[in-house]
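In what follows, chains are A, B, ... by sequence order, proteins preceding strands, each numbered from 1.
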There are 2 protein chains.
Amino acid sequence: MIPKFEAIKRAISSEIEQGQWREHQQVPSENALAERFGCSRMTARRALTELVEQGVLVRSQGLGTFVAPFKSQGSMMAIRNIAEEIRERGHQHSAQLLLLKQVAAEAEVAIALSVPNGSAIFRSCLLHQENGQPVQLEDRYVNPALVPDYLAQGFDRQTPHEYLSQVAPLTQAHHLVEAVAPSEVQQRLLALATPEPCLQICRRTWSSQGVVSYARLLHPGSRFRLGGHLMVESTSR
Amino acid sequence: MIPKFEAIKRAISSEIEQGQWREHQQVPSENALAERFGCSRMTARRALTELVEQGVLVRSQGLGTFVAPFKSQGSMMAIRNIAEEIRERGHQHSAQLLLLKQVAAEAEVAIALSVPNGSAIFRSCLLHQENGQPVQLEDRYVNPALVPDYLAQGFDRQTPHEYLSQVAPLTQAHHLVEAVAPSEVQQRLLALATPEPCLQICRRTWSSQGVVSYARLLHPGSRFRLGGHLMVESTSR
DNA sequence: ACACCAAGGTTGTATATACAAGAATATACC
DNA sequence: GGTATATTCTTGTATATACAACCTTGGTGT
C-alpha cells in the first residue's frame, strides 16, 4: 500500500510528464489538490513540498505553485552516475551503446590515463537518455591493466560508471567543466536541431591502483546543468 | 523572527558540531524534543526531517534517530574569487565597474534572495579581465538588509566577493553551472568576435543571517574552465 | 487620475490528535 | 531453556484547525 502523498506526487509528476501541465504553469492550489484527491491540505502540501525539493515544482508564498522549467541537473560535489540521478527524479533512464572496442591511445588520452602513447586501451561510447531525450554523450577511455574485462560487459543493465565502481572502487577524481560547441556528429547524436552550447565534463577517476578511466561527458546546455551545495561548518568540529 | 523549527534545527546542529552528540549516537525522540523545546511533536519532527535531508541525521522507523556518520567526500570546489585565481596563475587581474545601483527585485532575483517581489535591492555589474582579456562578466544582486553599505564601495581595490566575505562571512553556497549562448550585449562586453558558448555560474551565498547575494558569472567557453578535485577518504569504522 | 485600502486567495508555520508500522524488551507459557 | 505473545517506545502517515505572511485585484476616496 503506497501512502497517499506518494500517490499524489506521482499523479502530479504524470500530469507534467505528459504535458498536461506545462512549464511555468500554475498547478492547483493546495486546497484545490486536497479536494481533488480527497485528502487534507497538509497531505497535498507534503506532496508538493517533496516535488519542490526534487526541483519539479517551484513555490512562491502568496502567489502559488508552478511547474519548474525542466532541466536535468547533475551534482558537482559528488561523483554520481547519471542513471541514478535520472531515476531519482522519477524519470526513465535509457542508454544506447554506440561503441565498445580496443583502440590505440592518442596523445591526450594517453597522458590522461598515464599509459604509453599508442598503447592499447578500451573505449566505450554511450548515449544516455532521460525520458527518451538525449542528455549525455559519454565517451570513455579505460585502463585495461586495471579493468581487463571491460570489453566483455554489455552495459545494458549497468552503466560503465556502475561497473567501474565495483571493479575498481574510486578513491580520487578530477573534473574539468567547460562550455563548448558540439561537433556535427555530436549534435546529431544528441538530437539537437541547432548547434547550441554544450556543457562538457572531462573526468579522470583513480582507484588505489592508479588512473582507471578518463571520460568526456557532453550535455546539451538547454537540458542539463550542474548543481552543487556547499556548507561551511564552524571550525570547531 | 526565525521559525521554531529552524531554531530547533540550529540547536541540534550545534549539539552535533560541538561534539555533545557523537556519530551514530541516538538523538532524543520526537516526543522528547517536543517537550524540551516546548513545541508539538510535528514541529520537532519537521526539524528532524530537514536535518535528515541534509544528511546530518539518519532515521529508522521503530528504532530512533541517530547522528549520521560524517561525509567522507570532500568538497570539490572551493568558493574562490576570480581575482585570486588569476593572480595565482601569475597573471594580472583588472576589473571595470559597469553598474552599481539600487534596483527593484524582479521575480527570479526576488526568489533567489528570498525577499519580497519588487523590493529594493542592490545590483552591481563588473567585467573581470585577465591580462587585459575579459574572462568574467559578474552580474550580482545583494540583499540590502544584510549589506547596507554595498553601494558605497568602489570595488577598485576589492572585488565584491572579497567585500562580502568580510561583511557577511559565508556559511553556505549553492551553485548552478550551465552552458549558454551569450546575448548580444554580453558578447560585446566579453569582446567575443563570434557568439561562442559561454559557461554561466549562478551562485547563491548565505551568511548566518540569510541569503546575502545572488550572482550570475558568465565566462567565455574558450577562456575559462572550471576544475575540481575530489578525494574519497577511506570510510573505515 | 492617482493613491490608498480592503478583500480574497495563496503559501508558510504551528498545534493537537489519531492510528499504523517497525523494533526492542519484557512476560507468560510450554 | 526456548518459544510465543504482549507491551512499550519509536518513527510514519493522515487529518482538522488556526493564524501569519504575501501577492493580486478591485474598489474607494481624494
Side-chain angles (χ1 to χ4, degrees), chain A residues 1-12 21 24-68, chain B residues 1-12 21 24-68 104-121 143-145 209-211:
Chain A
M1 181 58 186
I2 66 168
K4 272 194 184 181
F5 73 89
E6 188 63 35
I8 298 174
K9 276 178 67 179
R10 293 187 194 178
I12 295 174
W21 297 351
H24 298 106
Q25 185 178 328
Q26 185 166 13
V27 310
S29 74
E30 296 174 356
N31 284 312
L33 286 172
E35 194 171 351
R36 172 187 304 194
F37 290 101
C39 65
S40 76
R41 182 193 152 205
M42 292 305 285
T43 303
R45 177 173 175 73
R46 172 162 179 189
L48 291 184
T49 300
E50 298 201 358
L51 288 173
V52 166
E53 277 160 12
Q54 284 180 24
V56 176
L57 302 175
V58 290
R59 273 206 280 216
S60 174
Q61 183 174 81
L63 243 178
T65 307
F66 306 84
V67 178
Chain B
M1 182 58 188
I2 67 168
K4 271 194 184 180
F5 73 90
E6 187 63 35
I8 297 173
K9 277 178 66 178
R10 293 188 194 179
I12 295 175
W21 297 351
H24 299 105
Q25 185 177 329
Q26 184 167 13
V27 309
S29 74
E30 296 174 355
N31 284 312
L33 287 172
E35 195 172 350
R36 174 187 303 194
F37 290 102
C39 66
S40 77
R41 181 193 153 203
M42 293 305 286
T43 303
R45 177 173 175 74
R46 172 162 182 188
L48 290 185
T49 299
E50 299 201 359
L51 287 173
V52 166
E53 278 160 10
Q54 286 179 24
V56 176
L57 302 175
V58 290
R59 272 205 283 213
S60 173
Q61 184 176 112
L63 245 177
T65 308
F66 306 84
V67 178
E106 298 167 38
E108 184 199 342
V109 177
I111 292 174
L113 284 180
S114 298
V115 298
N117 204 329
S119 64
I121 56 175
N143 188 340
Q209 314 286 315
V211 181

Practice problem: Please name all residues satisfying side-chain hydrogen bond (donor to acceptor under 3.5 Å, both in side chains) with E108(B), sequence neighbours left out, ordered by chain then number. | Solution: Y214(B), R216(B)
Are any protein N/O atoms closer than 3.5 Å to N/O atoms in nucleotides 4-6 of chain D? If there are, list each pair with its distance.
none

Quiz item: So which heavy atom on A44(A) is nearest to which on I8(A), and how close?
Solution: CA-CD1, 4.4 Å
Quiz item: DNA chain D: stems of at least 3 consecutive Watson-Crick or G-U pairs, cut-off 3.5 Å?
Solution: C:1-30 with D:1-30
Quiz item: For the residue pair F5(A) and R46(A), what are the closest heavy atoms and their distance?
Solution: CZ-NH2, 3.4 Å
Quiz item: Who pairs with I111(B) by side-chain contact (heavy atoms from CB on, under 4.5 Å), at least two apart in sequence or on another chain?
Solution: none
Could you tabulate the donor-acceptor pairs under 3.5 Å formed by side-chain atoms of residues 113-121 of chain B, not counting sequence neighbours?
residue: S119(B); atom: OG; partner: P116(B); partner atom: O; Å: 2.9

Self-check item: Annotated protein contacts, base or backbone, on nucleotides 9-15 of chain C with a non-hydrogen cut-off under 4.0 Å, one of B, S, - each
Solution: BBBBBBB
Side-chain donor-acceptor distances from residues 28-40 of chain B under 3.5 Å, at least two apart:
residue: S29(B); atom: OG; partner: A32(B); partner atom: N; Å: 3.2
residue: E30(B); atom: OE1; partner: R41(B); partner atom: NE; Å: 2.7
residue: E30(B); atom: OE1; partner: R41(B); partner atom: NH2; Å: 2.9
residue: E30(B); atom: OE2; partner: R45(B); partner atom: NH1; Å: 2.7
residue: E30(B); atom: OE2; partner: R59(B); partner atom: NH1; Å: 3.1
residue: S40(B); atom: OG; partner: M42(B); partner atom: N; Å: 3.4
residue: S40(B); atom: OG; partner: T43(B); partner atom: N; Å: 3.4
residue: S40(B); atom: OG; partner: T43(B); partner atom: OG1; Å: 3.3

Quiz item: How would you list, by chain and number, every residue that makes a side-chain hydrogen bond (donor to acceptor under 3.5 Å, both in side chains) with K9(B), sequence neighbours excluded?
Solution: E50(B)
Quiz prompt | Near-strand residues of residues 104-113 of chain B, defined as heavy-atom separation under 4.0 angstrom from DNA chain D | solution = none
Practice problem: Would you give the length of the straight line joining atom OG1 of T65(A) to atom CG of L57(A), rounded to the nearest 0.5 angstrom? | Solution: 7.0 Å
Practice problem: Please identify each residue that fulfils side-chain contact (heavy atoms from CB on, under 4.5 Å) with Q61(A), with sequence neighbours left out. | Solution: none
Self-check item: For E53(B), salt bridge (Lys or Arg N to Asp or Glu O under 4.0 Å) partners two or more places apart
Solution: none
